[in-house]
Structure formats: structure tokens, C-alpha cells
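All values below were derived from every heavy atom in this structure, side-chain atoms included, with hydrogens, water molecules and symmetry-related copies excluded. Chain letters run A, B, ... following the sequence lines, proteins first and then strands; every chain starts at 1.
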Amino acid sequence: MPDLHFGGAEPTVAERAAVDAVVADVGPAIVEMTERLVYAGRTRAVERRHLLLPALHALQRAAGWISPGGLDHACRVLEVPPAEAYGVATFYHLFTHEPPEAADVVHVCDDIACRPLGAVDLMADLRAAGHHVRPSPCLGQCERGPAVLVQRTGGDDLTVTSAGVAEVSVAIDRGTSTASVVLPQAGSTDLCLLARIGVVDPTSLDDYLAHGGYRALEAALAMGGDRVIEEVAASGLSGRGGAAFPTGVKWQAVADQLGRPRHMVCNADESEPGTFKDRVVMEGDPFSLIEAMTVAGTAIGAEQGWLYIRGEYPVTTARLANAIAAARSAGFLGDDVAGSGARFDILLRIGAGAYICGEETALFNSIEGYRGEPRNKPPFPTTHGLFGEPTAINNVETLVNVLPIMLDGGAAYTALGTERSSGTRLFCVSGRVNAPGIYEHEFGITLGGVIEAAGGVTDGTEVRSVLLGGAAGSFVGPDRLDLPLTLEDTREAGLSLGSGVVMVFGHEDDMVDTVRRIAEFFRDESCGQCVPCRVGTVRQEEVLVRLRRGATLDDERELLDDLGAVMRDASICGLGQTAAGAVRSALDLGLLEGAR
Amino acid sequence: MNGTPVGTPRPLVGITLDGKAVKVPEGSTILDACRREGVDTPTLCWAENLTPVNVCRVCVVEVEGSRVLVPSCSRPVEEGMVVGTDTERVRTSRRMVFELLASSVRMDRSDADVLDWMDHYGARPERMGARDEIATVAQPVKVQDDLYVRDYERCILCYKCVEACGDDAQHTYAIATAGRGFDAHISTEFDVTLPDSACVYCGNCIGVCPTGALVFKTEHDMREEGTWDESAQEVTTTVCGFCGVGCNLELHTQDDRIVKVTSPADHSVTHGHLCIKGRFGWQHAQS
Amino acid sequence: MWVVDPRRTTSARFADVWLGLDVGTDIALANGVAREIIDAGLVDDEFVEHATEGFDAFAAHVEPWTLERTAEVTGVPVEAIRDLAHGYATAPTAQLMWTLGITEHHTAVDNVLSLCNLALLTGHVGRWGSGLVPLRGQNNVQGGGDMGALPNKLPGFQDVADDEIRARFEAAWGHTIPARPGWHLTEMFEAMERDELKAVWVIGENPADSEADINHARAMLGRLDHLVVQDVLMTRTAQMADVVLPAALGWAETDGTVTSSERRVQRTRAAVRPPGQARKEIDIIADLADRMGADWGRPSAEELWDELRSLSPMHGGMSWERLESEGGIQWPCPDEDHPGTPFLHGRLWERPVGGRRAPFSCVDDRPPVDGLTEEFPLRLTTGRALDSFNTGVQTGQYNSPIRSGEAIDLSAADADSLGITHGERVMVSSRRGSIEMTVAVDPDLPVGLAFTTFHFPEQADVNQLTCDAWDPKSGTSEFKAAAIRVQKLSAQVHA
């Protein structure tokens, strides 16, 4: 690597130790063998670049910020240019590059689900109580808001839900997060994906095994990779991340890349506002995801799995880390997976506050130690994915579907759901319903059916609109409650199930503010790479702010249309392409007419 | 094992470009095809001596079968591809890209073709709102030495300077994109001054900047004084007087004085890139 | 990429491996690498058989250079030398690139030959991606040679002692040409000392700052009966001159050609008018010819070029028009249909070999002339900084933000043992002179090595220290290896 230039700042003892621990296994990029012999160079630097994100986390945790001395040390050890590392560090909300004002930073979700639950007042109260508060986009605790993430210096981060000032203070004093939620459907015999949640001890491999764990892997290893992929293809399983791409086709494309190193990546960067299903699965049944990744990895011929989880899920992350370690020591991961001779292991990578990193190619860049900016497609991940190598990337919900397919076969799986939408779907139900939470239903249930299953609409109100699919989805009106929730029916209606969000709004909700908050979300979460999204999301939010301040809708309509067109048509990735979707649907439903 | 690898002629690929059947060499981009066929296609972040980053999105075209528009600068042609470069969707997106940029960035010192394209597509950035009521990248100009001026109020974030500083030319990595979203900006680490950074003052970033955000201090000063006059300038190509590499220099002269130095991007020796001596070491020709 | 350099330079920081050999042990390293390549059976036997001669003698010559002995002489570990040998020999393509660290030694030509041996052993020459690449330090040092600015050559590297060649030039120029080679620069200074050379015309060179052992060089210039300096700026040499002929800048004020490191002839063009009384060098020379009674007219650059083409076969195909339209052509280019020659030694791969076979050279390690002693215990080597050029005549005129001025770099250990801190002024002495300098402590510098640039003679007259021992084959002085002593100023006063 080049002749790097460093400033005069020195790392603290804690910062130095934190970074050195990250590279303990592989050693630093530059090795001075003697005064006359130094090994360094591009290859060594490239091999270590993926440790930049973990090193930044280590620095942030050690010092409460990414200091110049700490960053320089990480850059020396990894041979990363400081300007690039600074560019990476400043990309993420959870990394700060100014000296910390307090040891604990209290991130309060003020997004669309928590806002109606008093998030704005909570921020004021917490500030009054002396906390250092930062507003946050959706923290993925929508069934039990308002949600708080306490980011701690020198200690583990904490999640606090149904939070008030007292709850936050107690959590900080004790250093404990709120316990995981109980599943509304827990124990129901109809459950396929969620059957073990609330039943099994999520920290115990033995208990997982006692509840049928690792039988799917056993079956998969017995049938071999080709059969596994055939069964997945036969099941009709499609991606649950929003694009609904057939999983079997994706796996086959990667498996076909013989002779090249391949990767299995699990996208657990669940950050879509209103979405919390993957968290519930990973917290309640973490081994199932590890098992499913192992099935996928061994089937496609990948030796390395990467599990990328958003940085706002400390409890979930700890469960997964525990599960990976336990699986490894029991021989379910490693050089000889379950005695099969196959090699597969999983590295856990933690995001740092960036919705865009849920976009698959941005996620690759994030793992690789670069800014989480999406790549242009084609080429696609199946041939040019992580580190430019063939990669199967699936989200959590998609992967856990693989376990029943392995156990019962692809054909049996098609019995669930509809002909063109096989299986079950997880719905994240929040807003004005009596029993918010994660629900598993077969494809084909109506929107109204989902709301009914969640205890129906809160007493005293009625549905004014439902946000379907998340912030990247659309608002639908009460006239759509009979819509069957399948891929084909939603597509025909010009809608998307997205991440399974069903967020119910009543007449008491300030829809203009909600839509404005969605616009603000996209503005904040745009990576900034392409012009349509970087500036378009800003201009869109400005229009919404003007509307809320009393501007006339008719004066803004043409601009909104043009902004929507350029973002949808010319943005690099799905974030920009969908950033106007909810606004557009709100406009069509007349939800913005109420603006003063 | 001997001799130069001989370039075998590339097979031709047939595409339809604005309704006309054309053949272009395999591996060409749609933009290459447009240029061959004389179809004027606006670009901002593309340059012939840099890897396409396709971030500005002003070169987008409509490709049949594609849900969204595709960047012509980086998409290779495929047999049978049907490309529209002047459809309603394309015109809207191109106009909007210019409007979005011009509403947030000062574009008036952009390359002449950029200003022509803005006019051609009918960009009306003022409809985004008054400049003091909408977000812009307005900020003070950075003058930190006698060679460079960085006027980031004019930066459209095309990434060209980052590429020229990094993998595509200089491998110095003094600057990178920092921040995110609308706050994304080109920066040294912790925004240290350029003399305190890794910068080696090759000026290759200035060489590729399309909007006048990065300029020679000579140019900046003359513009401030009101003496900069491109119509009175001549450009003469010669060879650098320092080392033995043989970099070609384009000397921009006004009133018999050198006012800035560029290098031809299509020259095989250094593809438009120079070092500090070639780019700035010409004061002895002025004394 | 491997970088072999006594200092961990900027280039070394890009490298996969940096080998910090002792100054002046290049031949030892090359011979050791060659022996290891032979010993490990990594020789490209087919190429050696086909295109070279003298292999057996060479193999016998390097046989004593075991890895252990090489390590002992060069100061770098055995394993690294072995890795270098194997890496170079087994790479599909490999280039050896060097600059003045190889050629500014009293063994300059032998240093180069020792590297040529490696390319011949492995066949890494004359084909795409492989080769021997001397990086020229100046924009037209190659062109100077092309034009015959060498004491033993006529334009096109044609031997002045060859009667047939001389006859062609005599016919074209209408004048006899002495068959005896002239002096090169170093010999000229020796001739000045013997009072055999009494008048000198210096064109575009600043020897009063740039020569090794500069006090001696200045004394020699001072002895001359007559010194004429033709230059673009008032250099130190010009200040010593009896007559100064102000000249136009070659690259910005003159039409002409230059030849780059890769033998590429390219056009320079006038962009601005020369200031004041400065004139184009062609005009100055032609005027002088007039005063001497010759009538050369006022040839244009193109007319001069066409004359060269008529006399130098390697340039014959490079018409002025082609130079304009093709952006430069690499010689040899014998006729107008010839595309030029990207690989000079491609002939070695032709079957049968084009021209004569390439000989191995048996060359010996010979340590620097200026030996280290207790009195002069540190090795000083000199080099350039990115933003500056030679004696700073031109680059001193612009204000570089990355320029830190002249200093002598010392290793941390040497600075410590001398009780010297970063930024301190010290007295630096060699067998030839003493100057005051500022110390910069460089933590990457090996113990015993000191470094300085030579761009700022007005700040630090570094060439008072350098050694003027020179290579009889090239005439180049050993700038890269002086023995010095560094003393605290206070200690020096008390001594």
C-alpha cells in the first residue's frame, strides 16, 4: 500500500489495545522483520481491510468516539489510508468523530412507529434528566415503543423498550437490556418458522437439539448440495427481503461458479422502519439461523459465511455470537461440519447505523471495510458479490424457511400459501392494533385478517390507512383490507409486501407528519452517492415540510412528481428507487390534503 | 511469449439505438456506442481516464426490459439491446439531475458542455425554492497553500478527484468521501488542511474536476480579480522539462503567461496525469 | 513488488518486500541472486541457450556468492535473498527498474551489467511485461545521447572512431571530424586541472553546484581562461562566467524534440515568448557560428530534425509530421512505415536471434571508494525529493507546500548516540569538506546511514561532502556513497 501519511495524534492505551485485539489473529499489515527487511504491500493490506469495521467498533466502544489517534492506529495496523478510514467512520450514525459529551449516548427512536407513542416527549424528558440524547431512525422495537438504544463507552450497549425516563435510568444503572418479547402466537401449533420461539432456551444448543435442532442440516448433508438446491427450488421459496427473487435460482447460480471462492451472506441488517421480525427470530431462536446458513453454505459450496446484523440490536447480537460459538465447539461449524467433511464457518459482522447497508451490495462494501455505498448492478452478487466473488445473500426470514423445506421436502412446503406464493410470511404488526407483534400467516391471508389476528384495531379508532411493506412500501386505505397478501395480488395492485410491515394508522394520527418523517428518513439514510437520491430526498422532504407549514399542495404537485420520477428511474439502488413510493401513495390517498 | 499481445479485432454486437440498428465492438459501453453514432450524451462523473463510478446518473438511457433507467457510461452493450436516449423518461431524469445539482451547488464555472446540456434539457433549478430556503452545499472556499484552491460550494460529488487521488492515478489517497447523504463531502481525515494531509500536490484532482471546485490558485486569483479570460487563452502541448517520463503538458497561456497546466487524457504516457513538478513547477518560465 | 534500497523510500512503502541493503553492495546482491537462481535450477535454459553467451563462465564466476556470503556482504537476511531470487525467476513477467542509486557509483556500469545478468538468466527481457528499465532522471538525457552529446558518439549513437560513419557525416557537414573521442564531463575537470582545458561553454548545466566534491569543481572552473554559460536562469555557474548567453526554455519557449526514458521522441512547442534578451538556443549557436565565419543560416527545428534523420538511421522514419500526429515514436524507427520499437531487445526472442547474442558479464563487488573509518563512520547517500529537481534552479521558483527544506536525515539510534535531536544544527564533514546542516531524525533509516537531498545548495552545499571518485566506464561520480562525520556544533567549537 501507499506511503501513508499520519498526523501527530497518538492512541490511548485503551484504543491501542482495542485495535490490536481485532488483528490479534492475523497480525498487522506491516511486519518489520529486521531493520533491513519489511514485509508490507497491497496484498497484505487488502487481506485485512475487512477488519476496519470491527476496528472502528472497537475504537468507538473503547473511547466513545473515533479519535484521530485511534483512527491513525487502526490505519497503521491495517494499512488503510486515514482519509478513507475517516470516510468510512463518518458514514455510520453510531460512530462519532468528535469527543463524546457523555459516556452513555441515549438514542431514542422517533420514527413513525414510536412517534405516536410519545417519542418526542420522551426525548425532552430524558434531556431534562441529564441524558445525552440523539434522535434515531427506527430501532426495530415497534411492537413495544418508545424504544431506546443506550450506546455505552467501555461496556455493552443496551436496548430499553416501552421506555420512560425511569426505565432508561434503571437499565443504565444495572447494565441490562429489556428482556426479549413474548410472541403473541407463542405455542400455537400452526407456526412453522416461529414454532420454537418462546419455547426453546435461545442460549442453549442442547435445548435447541432437544427441540429438533440440526435435523435439517443432517438431512441436507445426507442429500448433498445439488438435491438441497433442487428442493429449495421445488419449494418455490422466494426472498423475503422485498424483491421476492426465487431462492433456488440464486443458490444454483452461485453453486455453478465452480473453482472460485464462494460466500454465504446472511442479511440481518433489518432496518426498514416498522420492521422487527428478524430480531424476534434471532433472539428467540438464534440457532435456527445458524443452522439454516450452514445448510445454505454447504449446499452452494461456500466455505465462509458472513452474518451481518444491524448495530442497534445488542441483545440479538449477543445471542448470535453465543450460538455461533456453541455451534463451532460442537462441530456444527468449522473444518468438518457435523462430520460431513464440508468446511463452513460464520463470521459475525455488526453494522453501525446505516439503513442503506441492508441493500445487498452496500452490505458487501460495509463488510469489506468500505463506505456502505451500493454498487451498480449488473454484475450481480451471484457472480460478483462479496470481495468480488460469487455470493448468495439471503435475509434471515428467507433462510429460516429452508429448515422446514429440508425436513419435509420442497413439495410439502408448497402446500402452504397459494400456488404462486408458497409458504408462510412473517408480518410486523404495529400501530393502532390491540396486540402488536410478529405474526406468522400463510400467504393469502387478507390485510384485514392480519389486523384482526393482532387483536383488531385499537378501541375507539378506525383504520385511516395502513403502511404496507415499510417506509419503502405504500400507504393503503381501508378499502384495501380485503386484499389477499400474496406476491401476485400485491404486485397486481401495484404494492409490495416488502419486509412484511403492517402499520395501522387511525384518524387521530398526524399523517402529514408521518409522511414527512418518512421523507426525513430517506434523506437521512441516503448514502449520498447518486444525485437523484442524495438531493432528491432532500428536496422531497423540503416539500413535505412546506406542506406541513401550510403550502398549497397544488403548487408542489409537479415538483413531487418530477422528484418521484427521477428518484425511481435514475437512482442506483432500491433506496432511491422507492424513496418516493410512500409519499406518492399518501398523495394518491389524499393523506396530504389535511395539511394546513 | 514474445512481443506485444496483438489486439485481435473484437466481434461486433448489434443493438438498436434510438430506433437505428448499429453494430459496436463487444465490450463497448452504451456511452461508447452513443459517441460512435454521434448521439450527444451528457456526462459529469465519467472521464476517459477514470473508472466509471456511475454516480451522477445524467447519462442514463432507457433500455427495453429494464425496470429503471441504466447508466450508459458503465453498462456494456448486449446483443439485441434496444436503447432509447431521448425518451420522455430519459429527458425528465437528465433535466432533474441538472436541476437537483444546480439547486444545491454553484455550477456557473462548469465545463462549457455542462452548461450547454443544462440549457438543452431545460433545467430550471430555481423552482426547487429560493437558495436561502433550501439546503445547499454553500461553504467558505478553502485556500490553504499557494497551489490549490478547493471551493466545495461548487462540488457535485462526482468522485473524480477521489479516483484520481487514489486507485485510478496517484495512489495517494489524501482525500475520500466522508459523511453521508446530503452531508457527504470530499475531505481529508478529520478535515485536516491539505498541507497536513497525504496530498502530494500532483493536481490530478484539479485535472479531472468538471465544475471548477478544484482549481489552480492562479486561476482562482485571476477570477477573483476579474482577469481570467478563457477566450483570450491559448493551449500549447509540449513535454515536461523535468524527469524522463515524458509527460505531455498542455500549457494554458493568457497574455504570454502560463495560467494553468493540464495534460491530454488520451495520451499513452500518463493519460492526463502529472506530478507536482509538471503541474506547478513552471514559475521559472514567468520570471 | 520488491524494493531494494538502502533507505525505506516512498516506493519501498508500496512494496510487498523492502530489502535495505548496504550502500554499494548491489553487485554482491545481484551475484548472490544469480547464484541462487542457478543453484535452484530456475534458469530459463532455453533462452540462455538461444540468446546468450558466456553462461558457463558466469556460473563459475558467481559460484562463490552463496546466500550466506551475500547476506554477510549486503546486510540483508538469507531468506529474503532466496525469496527475491525465486520470486524474480518464477514470475511470469518481471521488470528490473532502477535509477541513480545504481549508476552514481564508481561501479556504475558493472552495477547495470550485474542486473542485466539476472534478466538474461531468466529471460525477463525483450517481451511484454518484462525488461530492464533504467528510469532517466532528466527529460532529455536520453535525447542528448541521441543527438551525439557524448564524447565518443555521433548522432544516433554512431561511433566517432568508425571511418565509414565519420565519412558520411563529413560529407553531409562539409567538414572533417576528429576521429579521437573527446572528454566526458569528469575528464574535462581533470583536463582543467592539468591546464589542458582552458575555455568552456556550458549549456543548460550548473556544474558549480552539481558536481561531486564541489569545492574542487569550483576551483577548476575558476582556473579557466574563459567560461561561457548559456542558461535560462542566473545559476551559480553563470555567476562565475565571463560571458552569459541568456537562453529560451526548452520545453515552454522553443520548438524541438526530447527523448524520454522509453526512447520516445516527442515534440516540444513554444507556448510563451522568451523574456528579455533570452533567445532560442538554435539561434544563439547559429549566431556564434556566424561570428566564427561559418554560415549555418537560421535553420528551423524541423530542418535540423530532418538533417538528423538523414544521418541517424534509428531516427530515419520519424518524420516531423509523424511526431506531430502520433504523439511520439520510440526508436529505432528506420523508415516511415516502421511503427517504432516498444521492446528494444525483442530481437533476442527472434529465431534465429536477431543480431549478436547477449553476453553475460562477470562483474565483481567493489566497495565504495570513500571508506568508512572511525573518523568518518557514517555513510551518506544523496537523492531527490518529489517536488524538487537537481540543484533547484527551476523548482526553487515555485512555492511547494510539501517542501521542508534541506536537512540531513539520521537514524534514531545514531542521533541518540551523538546526543543530537531533531531540528538541531550540526557540522557535517567528509574528507573533502565541512558544512552546517539541520538534522531530521528518520525512524526508518538503518543505523549508520545518513541521507540528504541536494536541491538547496544555498541552504546546504551538500556537494562539498560528496565523493568525486568516478566510474572509468561511464564517467559518473560516486554521489551515492560518501563517508561522513556528524558533530554537535558545540563539540565542534571545543574540538
Side-chain angles (χ1 to χ4, degrees), chain A residues 1-7 9 68 71-72 75 80-93 97 354 356 371-373 376 378 522-539 541-543 546 558-559 562-563 565-572 576-577, chain B residues 44 52-58 60 62 67-71 74-76 89-90 92-97 99-101 103-104 127-129 133-135 156-157 159 162 165-166 170-185 187-192 196-200:
Chain A
M1 280 303 273
D3 180 20
L4 300 186
H5 180 276
F6 296 99
L71 189 78
D72 270 5
C75 288
V80 175
E84 277 194 10
Y86 178 75
V88 173
T90 54
F91 188 82
Y92 298 98
H93 281 324
H97 47 282
I356 188 59
R371 292 163 57 79
E373 294 173 351
N376 210 55
F522 283 112
R523 183 203 70 186
D524 286 349
E525 298 300 330
S526 168
C527 78
Q529 190 183 198
C530 70
V531 176
C533 178
R534 179 178 75 239
V535 191
T537 55
V538 170
R539 296 289 175 253
E541 193 221 1
E542 286 168 353
V543 172
R546 286 200 291 270
E558 183 196 343
L559 182 55
D562 283 351
L563 288 169
V566 71
M567 287 195 282
R568 183 190 64 238
D569 279 348
S571 296
I572 291 178
Q577 289 163 11
Chain B
L44 290 168
V53 288
N54 56 73
V55 298
C56 77
R57 317 304 281 185
V58 80
V60 289
E62 194 160 351
R67 183 175 48 88
V68 292
L69 303 178
V70 307
S74 56
R75 175 67 67 86
R89 282 173 78 194
V90 169
T92 300
S93 278
R94 289 181 178 177
R95 171 173 56 80
M96 283 303 291
V97 166
E99 287 188 5
L100 291 172
L101 283 176
S103 69
S104 50
R127 74 192 179 108
M128 300 287 169
E133 287 169 14
I134 61 174
I156 57 167
L157 216 65
Y159 288 55
V162 176
C165 187
Q170 192 58 31
H171 290 82
T172 286
Y173 308 95
I175 48 170
T177 315
R180 194 170 83 196
F182 195 76
D183 296 330
H185 60 285
S187 181
T188 59
E189 62 276 14
F190 293 95
D191 197 26
V192 299
D196 283 336
S197 78
C199 177
V200 293

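Contacts between V192(B) and chain A at a heavy-atom distance below 4.5 Å are absent for every atom of the residue. Heavy-atom distances place the backbone of S197(B), and not its side chain, under 4.5 Å from chain A. Residue contact with chain A, scored on non-hydrogen atoms closer than 4.5 Å, involves the backbone and the side chain of S187(B) alike. With a threshold of 4.5 angstrom between heavy atoms, P71(B) approaches chain A through side-chain atoms but not through N, CA, C or O. Both the backbone and the side chain of N54(B) come within contact range of chain A, each with at least one heavy atom under 4.5 Å from a heavy atom of that chain. Proximity to chain B (any heavy atom under 4.5 Å) is restricted, for S571(A), to the backbone atoms N, CA, C and O. Contacts between F522(A) and chain B at a heavy-atom distance below 4.5 Å are absent for every atom of the residue. For a residue to count as touching a neighbouring chain, one of its non-hydrogen atoms must lie under 4.5 Å from one of that chain's; by this rule Q529(A) touches chain B with backbone and side chain alike. For a residue to count as touching a neighbouring chain, one of its non-hydrogen atoms must lie under 4.5 Å from one of that chain's; by this rule A174(B) touches chain A with the backbone only.
R127(B) places a side-chain heavy atom less than 4.5 Å from the side chain of E558(A). For the pair L563(A) and L100(B), the minimum side-chain heavy-atom distance is below 4.5 Å. In this structure, the side chains of F182(B) and E541(A) stay at 4.5 Å or more apart for every pair of heavy atoms. At least one side-chain heavy atom of R75(B) sits under 4.5 Å from a side-chain heavy atom of P378(A). For the pair L71(A)/F190(B), a side-chain contact is recorded, criterion being any heavy-atom separation below 4.5 Å from C-beta on. Proximity of V566(A) to T92(B): side-chain heavy atoms (C-beta onward) are nowhere separated by under 4.5 Å.
For the options T188(B), I134(B), L157(B), heavy-atom pairs under 4.5 Å to chain A are most numerous at I134(B). Note on A354(A), C533(A), A565(A): by heavy-atom pairs under 4.5 Å with chain B, the leading option is A354(A). Top candidate by heavy-atom pairs under 4.5 Å with chain A, chosen from M96(B), R57(B), R89(B), is R57(B). Between chain B and the residues H97(A), E525(A), R523(A), the largest count of heavy-atom pairs under 4.5 Å involves E525(A).
The existence of a salt bridge linking E133(B) and R546(A) is excluded, since no basic side-chain nitrogen approaches an acidic carboxylate oxygen closer than 4.0 Å. A salt bridge links D562(A) to R95(B): at least one charged side-chain nitrogen sits closer than 4.0 Å to a carboxylate oxygen.
Residues P532(A) and C56(B) share a closest heavy-atom pair of CD-O, 4.2 Å.
Using a distance-only test at 3.5 Å, with no hydrogens or angles considered, a donor-acceptor pair links the side chain of R180(B) to the main chain of D524(A). Distance alone, capped at 3.5 Å, is enough to place a donor-acceptor pair between the T90(A) side chain and the G179(B) backbone.
Rounding to the nearest 0.5 angstrom, the gap separating the CZ atom in R534(A) from the OG atom in S104(B) is 7.0 Å.
Looking at residues two or more places apart in sequence or on another chain, you find a side-chain hydrogen bond (donor to acceptor under 3.5 Å, both in side chains) between E542(A) and R539(A).
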